[in-house]
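Okay, so here's the structure we're looking at.
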Amino acid sequence: MTTKTKPEDLRSFRWFGPDTMRGFSHRSRMLPGKPVIAIINTWSEINPCHAHLRERAEAVKRGVWQAGGFPVEIPAFSITETYMKPSPMLYRNLLAMDTEESLRSLPIDGAVLMGGCDKTTPGLLMGAISMNLPAIFLPAGPMLRGNWNGQPLGSGTDLWKYWTERCAGTVSDEDWNAIEGGIARSPGFCMTMGTAATMTALTEAMGMTLPGASSIPATDSNHVRLAMDSGRRIVEMVWEDSRPQEILTLPAFRNAITVDMAIGGSTNAIIHLVALARRCGLDLPLRLFDEIAPRVPVLANIRPNGEYLMEDFYYAGGLRALMAEIRDLLHLDCRTVNGKTMAENLEGARIVNPDVIRHREAPLSETGGTAILYGSLAPDGAVIKTAAADRRFWRHTGPAVVFHDYPDLEARINGEDLQVDENSILVLQHAGPLGGPGMPEWGMLPIPKKLLQRGVRDMVRISDARMSGTAYGTCVLHVSPESYVGGPLALVRDGDAITLDIADRRLDLLVPEEELTGRRAQWKRPIPKEERGYLALYRERVTQAHLGCDFDFLSHDTPLGEPEIF
């Protein structure tokens with residue numbers, strides 16, 4: 001360990017060191033005398049993904065004490081994916097602000113960030129990046145695989161699958177209840193390659209976790225060891241003055257995009273990576289994702305794209321094994337939170353089960369699982385998870401069936417009078433960052449029941465919404481600009497022809513320009529509901545999807561400023 005920081009250089013010394021009245025007041029209540037480590041904990045009794053983090057915080061503290069630090073546990077806003085409405089994405093930026101302001105306003109020298117449920121990982125990282133104190137991320141870990149009738153169940157993915165079959169009349173109420181009782185068997189985040197597993201994997205790929213941390217199951221004994229190791233390491237990072245913006249370079253983000261493609265990661269990762277990069281003062285244009293994707297094979301045979309679950313992934317070698325298999329595609333000189341390079345961290349990693357983590361010569365797919373689309377319907381881009389889309393629809397033209405908003409969708413989707421067939425393209429408007437609000441995961445529009453009963457299981461669906469990382473289907477997402485601000489999606493009418501061409505990366509509305517000009521002249525921006533507090537702030541300052549849906553006033557160009565100690 002190379003020590004750059006002296007005791008009197010510690011940020012906390014500004015609170016506890018001076019021989020002043022305020023220094024006296026601070027010391028009389030707490031006298032750390034060593035690096036103060038914030039354990040930013042998103043534990044909450046209403047967040048099942050993080051139910052074990054109360055215990056893990058104690059393990060982190062043991063590690064901090066062992067390394068000569070002074071741990072202080074600080075609660076942070078807990079974003080529970082399951083229960084928070086209308087969208088947990090609405091509150092990612094609130095967690096980022098909570099994290100940043102806790103670290104800024106308190107006598108903190110370094111931080112262990114504890115989270116894992118979808119939005120908590122980017123939220124914690126965004127706040128820590130802006131504050132730029134030494135920080136290390138501790139993933140909550142995936143839950144154990146589910147079980148029903150001797151079959152493994154994957155959260156989200158099998159929910160959608162069996163709900164579809166129940167709507168089609170092929171799953172009984174008895175079986176449905178049994179599935180409900182067996183799909184979530186432990187604490188931890190979703191054990192499919194959804195947004196939670198994707199974002200913790202990408203955090204490891206960027207160097208912000210200890211090697212191998214991202215896929216350790218929440219209840220595995222190695223997770224306790226990881227917590228203690230993270231506590232020990234953050235104290236060393238404070239003395240080394242190792243900060244997030246030194247680790248999160250453009251090559252580190254390119255590593256994250258490469259790994260995202262190799263794991264067939266969630267489409268939500270694109271929005272989060274863009275937001276994280278912008279907090280670092282870096283630009284990640286959507287075209288960069290599409291530039292990297294064709295060179296990267298999908299190697300993670302994990303649901304929803306594959307067969308297995310995150311518990312299998314960990315015991316097959318985990319992310320280190322997958323990254324070692326594509327090491328020639330990575331920037332191996334990137335430094336990580338353990339003080340070593342990515343190349344050093346991958347030494348000795350190997351694939352244990354090549355059916356779960358494929359070798360390069362036998363990939364799940366030859367190219368990365370995500371594509372960026374542009375065209376007259378998406379001037380600023382749209383996203384599709386090609387790994388989860390039916391190849392029949394990779395080049396498809398069909399008539400639009402338009403739903404003005406989600407209540408309209410729910411009211412009409414299963415009506416016998418709905419004019420729709422398997423070639424139709426379902427379109428949902430007003431589900432974006434402002435229209436949702438919060439860009440809810442409504443992008444996997446349900447297939448009309450009358451089509452389900454005919455055996456239809458996929459069709460093209462388009463929206464400015466997001467989609468759960470555990471979901472699947474030919475769903476075009478994140479259409480930008482969104483319909484709420486007058487993007488072309490707002491002008492689509494029933495029967496309009498739309499073309500999806502994944503090979504050419506196109507999404508086009510086949511309506512004459514003069515007709516669109518007339519529709520645009522008649523379009524009126526929706527009148528928002530009367531709102532107050534955080535929601536009013538969100539509507540006023542959030543950016544569009546292709547810019548990461550962050551608040552414009554939290555950009556890297558905005559000076560942070562240290563508090564005065566009076």
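S87 contributes a side-chain N or O that, together with a main-chain N or O of G438, makes up a donor-acceptor pair within less than 3.5 Å. In this structure, the side chain of H50 does not engage the main chain of G188 through any donor-acceptor pair within 3.5 Å. Using a distance-only test at 3.5 Å, with no hydrogens or angles considered, no donor-acceptor pair links the side chain of D241 to the main chain of T5. Side-chain N or O atoms of T370 include none that pairs as donor or acceptor with a backbone N or O of T267 at under 3.5 Å. The backbone N or O of P563 lies less than 3.5 Å from a partner atom in the side chain of R14, making a donor-acceptor pair. Between the side chain of S130 and the backbone N or O of G127 there is no donor-acceptor pair closer than 3.5 Å. Judged by distance alone, with hydrogens and angles left aside, the side-chain atoms of T157 form a donor-acceptor pair with the main-chain N or O of T470 at under 3.5 Å. In this structure a side-chain-to-backbone donor-acceptor pair under 3.5 Å is missing from N41 to A57.
Side chain to side chain, S12 and D109 meet the donor-acceptor criterion of an N or O pair below 3.5 Å. Checked by atom type, the side-chain pair N345/T336 shows a donor-acceptor distance below 3.5 Å. A side-chain N or O of H223 and one of R56 form a donor-acceptor pair less than 3.5 Å apart.
The distance from the CD1 atom of I372 to the CG atom of D380 is 12.5 Å, given to the nearest 0.5 Å. Here the OG atom belonging to S266 is positioned 8.0 Å from the CG atom belonging to D260, to the nearest 0.5 angstrom. Atom NE2 of residue H430 and atom CG of residue D464 lie 8.0 Å apart, to the nearest 0.5 angstrom. The distance from the CD1 atom of I136 to the CE atom of M237 is 6.0 Å, given to the nearest 0.5 Å. Rounding to the nearest 0.5 angstrom, the gap separating the OG atom in S468 from the CE atom in M444 is 8.0 Å. Distance check: L309 CG to C190 SG gives 10.5 Å after rounding to the nearest 0.5 Å.
Scanning both residues, V112 and S230, for their nearest heavy atoms gives CG2-O, 4.2 Å. Between M310 and S215, the shortest heavy-atom contact is CE-CB, 3.8 Å. Nearest approach of M439 to C549, heavy atoms of both residues: SD-SG, 3.9 Å. Residues P18 and F13 share a closest heavy-atom pair of CD-O, 3.1 Å. For S25 against S28, the heavy-atom pair with the smallest separation is O-OG, 2.8 Å. For the pair P35 and G68, the tightest heavy-atom approach, listed with the atom from each and the gap, is CD-O, 3.7 Å.
Using cut-offs of 30° and 60° for the angle between ring planes, the F77 and Y91 rings count as tilted. Relative ring orientation between W442 and Y406 is described as parallel, the plane-to-plane angle staying below 30° on a 0-90° scale split at 30° and 60°. Between F553 and F551, the ring planes lie parallel to each other; the angle is under 30°, not in the 30° to 60° tilted range.
A heavy-atom distance below 4.5 Å is not found between the side chains of C49 and P187. Using a 4.5 Å heavy-atom threshold, the side chains of H478 and I271 count as touching. For the pair L535/P437, a side-chain contact is recorded, criterion being any heavy-atom separation below 4.5 Å from C-beta on. Side chains of H272 and V274 form no contact here, defined as non-hydrogen atoms less than 4.5 Å apart. At a threshold of 4.5 Å between non-hydrogen side-chain atoms, the residues I74 and L106 count as touching. In this structure the side chain of Q544 reaches within 4.5 angstrom of the side chain of L434, judged on heavy atoms. Contact of the P32 side chain with the F16 side chain is registered, since non-hydrogen atoms from C-beta on lie closer than 4.5 Å. Contact check for P88 versus T80: no side-chain heavy atoms found under the 4.5 Å cut-off.
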Exercise. Could you walk me through whether D229 and R232 pass salt bridge (charged side-chain N to carboxylate O under 4.0 Å, His left out), step by step?
Key: CA-CA 5 Å; D229 290 344; R232 283 191 289 268; 2.2 Å; yes
Practice problem: Go through the steps to decide whether F189 and T195 satisfy the test side-chain contact (heavy atoms from CB on, under 4.5 Å), and finish with yes or no. | Solution: CA-CA 9 Å; F189 53 70; T195 305; over 6 Å; no
Quiz prompt | Worked verdict on Y83 versus N47 for side chain to side chain donor-acceptor pair (under 3.5 Å) | solution = CA-CA 8 Å; Y83 302 121; N47 191 338; over 6 Å; no
Quiz item: Between I37 and V235, does a side-chain contact (heavy atoms from CB on, under 4.5 Å) hold up when you go through it step by step?
Solution: CA-CA 7 Å; I37 304 301; V235 178; 4.1 Å; yes
Quiz item: Between M114 and I39, does a side-chain contact (heavy atoms from CB on, under 4.5 Å) hold up when you go through it step by step?
Solution: CA-CA 7 Å; M114 300 180 64; I39 302 170; 3.3 Å; yes
Practice problem: Kindly indicate, with the supporting measurements, whether the criterion side-chain contact (heavy atoms from CB on, under 4.5 Å) is fulfilled by L322 and I263. | Solution: CA-CA 8 Å; L322 181 142; I263 62 177; 3.9 Å; yes
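Counting only residues at least two apart or in different chains, salt bridge (Lys or Arg N to Asp or Glu O under 4.0 Å) contacts with residues 73-91 comprise R54-E73, K61-E73, E81-K119. Applying the salt bridge (Lys or Arg N to Asp or Glu O under 4.0 Å) test to every pair with at least one member in residues 280-290, sequence neighbours left out, gives these pairs: D290-R505.
Salt bridge absent: E204 and R320 never bring a charged side-chain N and a carboxylate O closer than 4.0 Å. Ion pair R233/E240 flagged as a salt bridge, since at least one NZ, NE, NH1 or NH2 atom sits closer than 4.0 Å to an Asp/Glu carboxylate oxygen. Using a cut-off of 4.0 Å between Lys/Arg side-chain N and Asp/Glu carboxylate O, E441 and R466 are scored as salt-bridged. Under 4.0 Å is where a charged nitrogen must lie from a carboxylate oxygen, and between E246 and R243 no such pair does. R279 and E100 are joined by a salt bridge, as a carboxylate oxygen and a charged side-chain nitrogen come within less than 4.0 angstrom of each other.
Environment of CD in E45: sparse, with no more than 12 heavy atoms of neighbouring residues, nucleotides or ligands closer than 6.0 Å. Within a 6.0 Å radius of CD in E531, other residues, nucleotides and ligands contribute more than 12 heavy atoms.
Checked against side chain to side chain contact (heavy atoms under 4.5 Å, CB included), T258 has the following partners two or more places apart in sequence or in another chain: I292, V296, I326, L329, L330.
Under the side-chain contact (heavy atoms from CB on, under 4.5 Å) test applied with D550, the options R541, R278, R92 reduce to a single match, R92.
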